There are 2 protein chains.
Amino acid sequence: MRHNYKFVISYDGTRYHGWEKKPGIDTIQGKLENVLNKMTGDSSDPIELIGAGRTDAGVHARAMTANVILNTDLNETQIQEYMNAYLPEDISVNEVKACSDRFHARYNAIGKTYRYTCWYGTSKPVFDRKYVAILDKEPDIDKMKLAAMHLVGTHDFKSFCGNKKFKKSTVRTLDTINIEKSGNYIRFYFHGNGFLQNMVRILTGTLLEVGFGTISPDSVKDILEACDRSKAGPTARPEGLCMMKVDY
Amino acid sequence: MRHNYKFVISYDGTRYHGWEKKPGIDTIQGKLENVLNKMTGDSSDPIELIGAGRTDAGVHARAMTANVILNTDLNETQIQEYMNAYLPEDISVNEVKACSDRFHARYNAIGKTYRYTCWYGTSKPVFDRKYVAILDKEPDIDKMKLAAMHLVGTHDFKSFCGNKKFKKSTVRTLDTINIEKSGNYIRFYFHGNGFLQNMVRILTGTLLEVGFGTISPDSVKDILEACDRSKAGPTARPEGLCMMKVDY
């Protein structure tokens, strides 16, 4: 039976060249589609798995959402079991649900939460070293919180877009930026209606510049208004980033 | 200045052949001694780092304690910085303290805590897959707790010793075994005055047999009394085991 299914997926992005499939290269979408094709066994009807977003190389996800039209007699539980049996240990299907044919994981997404995790200390984060960005200086959290206030809201985020050739609107709404320190960890939570390419990493890289005292909290307002990528901070390393949740 | 130093060390044991140094093989002790030798730069006075215990290949530690006599002008902070700069990313020195010359990390240890972590579920533990043993059945926690009651106390643990040629006393005192379920995780905490080779892993393997219903909780008493390794359960996989704390 032909049905549209919603998938919730976790992955450790360390050894992948991002979500989006590319011929001859290991990607998350590529790995998932390979297993789905094997499962349905119908090469005349190639699988197209639609993700809520496209994470960069090395970026992780705890709950990427995707949808896919499948022609299969397996039930939801059996589809999940099949996927987890054949997927590598760094990709997990956490949920499979039959859904309306109209459900589109990307177009229907109304919000997303990303988390960026930094680590600073005199020891080393041995057990989660692949999921944090190690800092060599301790950032000032209060300064970063002040800077973040300028970024929250509906703005043209062109200064924070990693794709210089991007032709569409770069206006997005950032609902919240929460910055939390817990032990050696500094975690940034971003929630918004959509994110441009590298946007969370450039926002984090810029906030860290503020935290290190390289630029002032208020200068972030000027960076935003400049609509010029070269004014913002560096793109923070991919390993600290994780897609946490997609809202529908 | 020549001093005895206490080190507290974390490591991800995945890619090491255990704690104990062996020529031509990557071990935790070997890696640490190499960096210590480089730091002191005195080949006439080779370093001997004494660990509180010898973890098996693939076993992890959050707080292995060790001591070492060093002839160095560096202070404690500088020693730690040097170590963490030259050690690989999966070994961390969390603490360095000058201590009495009489302090011996192995002989003076009066208690140790080990944790064994299992995981069971329909998804997969993508982010900590190297630190858990994945189960394909769900064990009965209450049965395992009943069985654990027979193991706590001072006993001859010969049935739970992985070294058949071990000539010394196999009597040990296990103070507590705590078994906790939290979401998809089942964690076993063992505290005792000392542990035989593979003892925690054989205890866990046997408790899991009880949890799976293969053997009864009360049969653990017979296994203990048999003083025969072949009566106990299998040696649980190394990746679930972590040395948590050494008491002095």
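First the proteins, then the strands, lettered A, B, ... as listed; each starts at 1. Everything numeric here is computed off the predicted structure, so don't read it as measured data. What's counted below: heavy atoms across the whole structure, side chains too, no hydrogens, waters or symmetry copies.
Here the closest heavy-atom approach between residue B/Phe127 and residue A/Ser10 is recorded as CE1-CB, 4.4 Å. Here the shortest heavy-atom pairing between B/Ser92 and A/Val126 reads CB-CG2, 3.4 Å.
Heavy-atom distances place both the backbone and the side chain of A/Glu89 under 4.5 Å from chain B. If you measure heavy-atom distances from A/Ile91 to chain B, the contacts under 4.5 Å come from the backbone alone. Proximity to chain B (any heavy atom under 4.5 Å) is restricted, for A/Tyr131, to the side chain, taken from C-beta onward. Residue A/Ala85 does not touch chain B at all, counting heavy-atom pairs closer than 4.5 Å.
The candidate with the highest count of non-hydrogen atom pairs below 4.5 Å against chain B, out of A/Thr14, A/Thr122, A/Val8, is A/Thr122. For the options B/Met83, B/Arg62, B/Lys130, heavy-atom pairs under 4.5 Å to chain A are most numerous at B/Arg62.
Contact annotation: the side chain of B/Ser123 never approaches that of A/Glu95 to less than 4.5 Å [non-hydrogen atoms, C-beta and beyond].
Around the OH atom of B/Tyr86, the shell of radius 6.0 Å holds no more than 12 heavy atoms that belong to other residues, nucleotides or ligands. A 6.0 Å sphere centred on NZ of A/Lys97 holds no more than 12 heavy atoms belonging to other residues, nucleotides or ligands.
With hydrogens and angles disregarded, no donor-acceptor distance shorter than 3.5 Å links the side chain of B/Lys124 to the backbone of A/Asp90.
A distance of 4.5 Å separates CZ in A/Arg129 from CG in B/Asp12, rounded to the nearest 0.5 Å.
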